[in-house]
Amino acid sequence: MITEAVKMEISTYQKIYNIVRKIPAGRVMTYGQIAGIVDRCSARMVGYAMAALKEGTDVPWHRVVNSRGMVSLQEYAGRDLQYELLKTEGVRFSQNGVIDLSVYRWENGDP
DNA sequence: ATCATGACGTACG
DNA sequence: TCGTACGCCATGA
């Protein structure tokens, strides 16, 4: 029988992915924000979960940015792609390459 | 088991 | 504003 215990056994990674999947196009969430929603999860775990994603994933990883509203770190494979995808979805960047979080931040991942 | 690393965040000087 | 230090804890050597 399907029990609630089954749902409780979803891994932290799956919880993170589940939240990210709910971010609509043209919106973003921060690592710390997701970490705050998922119990016993730190921002690093969110970043690590993103790094563990594969190509064929259905998780919109590009909608996750750091607390400054920028694409994370200096360079990593897919950084430019992240900019492209966000621009395609209508997210506007300032001249500094920063996203205005007060406009584009998505406040809820698991209503 | 320990050590180093990491798509991060906050605190502090 | 910027750099450094530390917390966080999964993952791999």
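The structure presented is a predicted model; accordingly, all values stated were derived computationally and were not measured. Order of the sequence lines sets the chain letters (A, B, ...), proteins ahead of strands, with each chain counted from 1.
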Modelled atom types, side-chain donor and acceptor of A/His62 and A/Glu84, under 3.5 Å: no
Partners passing side-chain hydrogen bond (donor to acceptor under 3.5 Å, both in side chains) against A/Ser94 (at least two apart in sequence or in another chain): none
Partner residues of A/Arg92 under the side-chain hydrogen bond (donor to acceptor under 3.5 Å, both in side chains) criterion, sequence neighbours left out: none
Contacts of A/Asp58 that satisfy side-chain hydrogen bond (donor to acceptor under 3.5 Å, both in side chains) - sequence neighbours left out: A/Arg21
Residues A/Glu89, A/Arg27; criterion salt bridge (charged side-chain N to carboxylate O under 4.0 Å, His left out); working and verdict: CA-CA 8 Å; A/Glu89 294 180 350; A/Arg27 291 305 195 111; over 6 Å; no
Euclidean distance, atom CD1 of residue A/Ile34 to atom C1' of C/dC9 [Å, nearest integer]: 17 Å
Residues forming a side chain to side chain contact (heavy atoms under 4.5 Å, CB included) with A/Tyr13, sequence neighbours excluded: A/Ser11, A/Tyr17, A/Tyr48, A/Ala49, A/Ala52
Verdict with reasoning, A/Leu86 to A/Phe93, per side chain to side chain contact (heavy atoms under 4.5 Å, CB included): CA-CA 9 Å; A/Leu86 287 175; A/Phe93 293 85; 3.9 Å; yes
Minimum side-chain heavy-atom gap A/Pro24-A/Trp106 below 4.5 Å: yes
Using atom names, set out every protein N or O paired with an N or O of nucleotides 9-13 of chain B below 3.5 Å, distance rounded to 0.1 Å.
{"unit_1": "B/dG9", "atom_1": "OP1", "unit_2": "A/Ser67", "atom_2": "N", "d": "2.8"}
{"unit_1": "B/dG9", "atom_1": "OP2", "unit_2": "A/Ser67", "atom_2": "N", "d": "3.3"}

Gap between atoms CG and C1', on A/Leu53 and B/dA7 respectively (whole Å): 10 Å
What are the atom names and distances for every N/O pair under 3.5 Å that joins the protein to nucleotides 10-13 of chain C?
{"unit_1": "C/dT11", "atom_1": "O4'", "unit_2": "A/Tyr48", "atom_2": "OH", "d": "2.9"}

Spacing between A/Tyr17 atom OH and B/dA7 atom C1', to the nearest angstrom: 11 Å
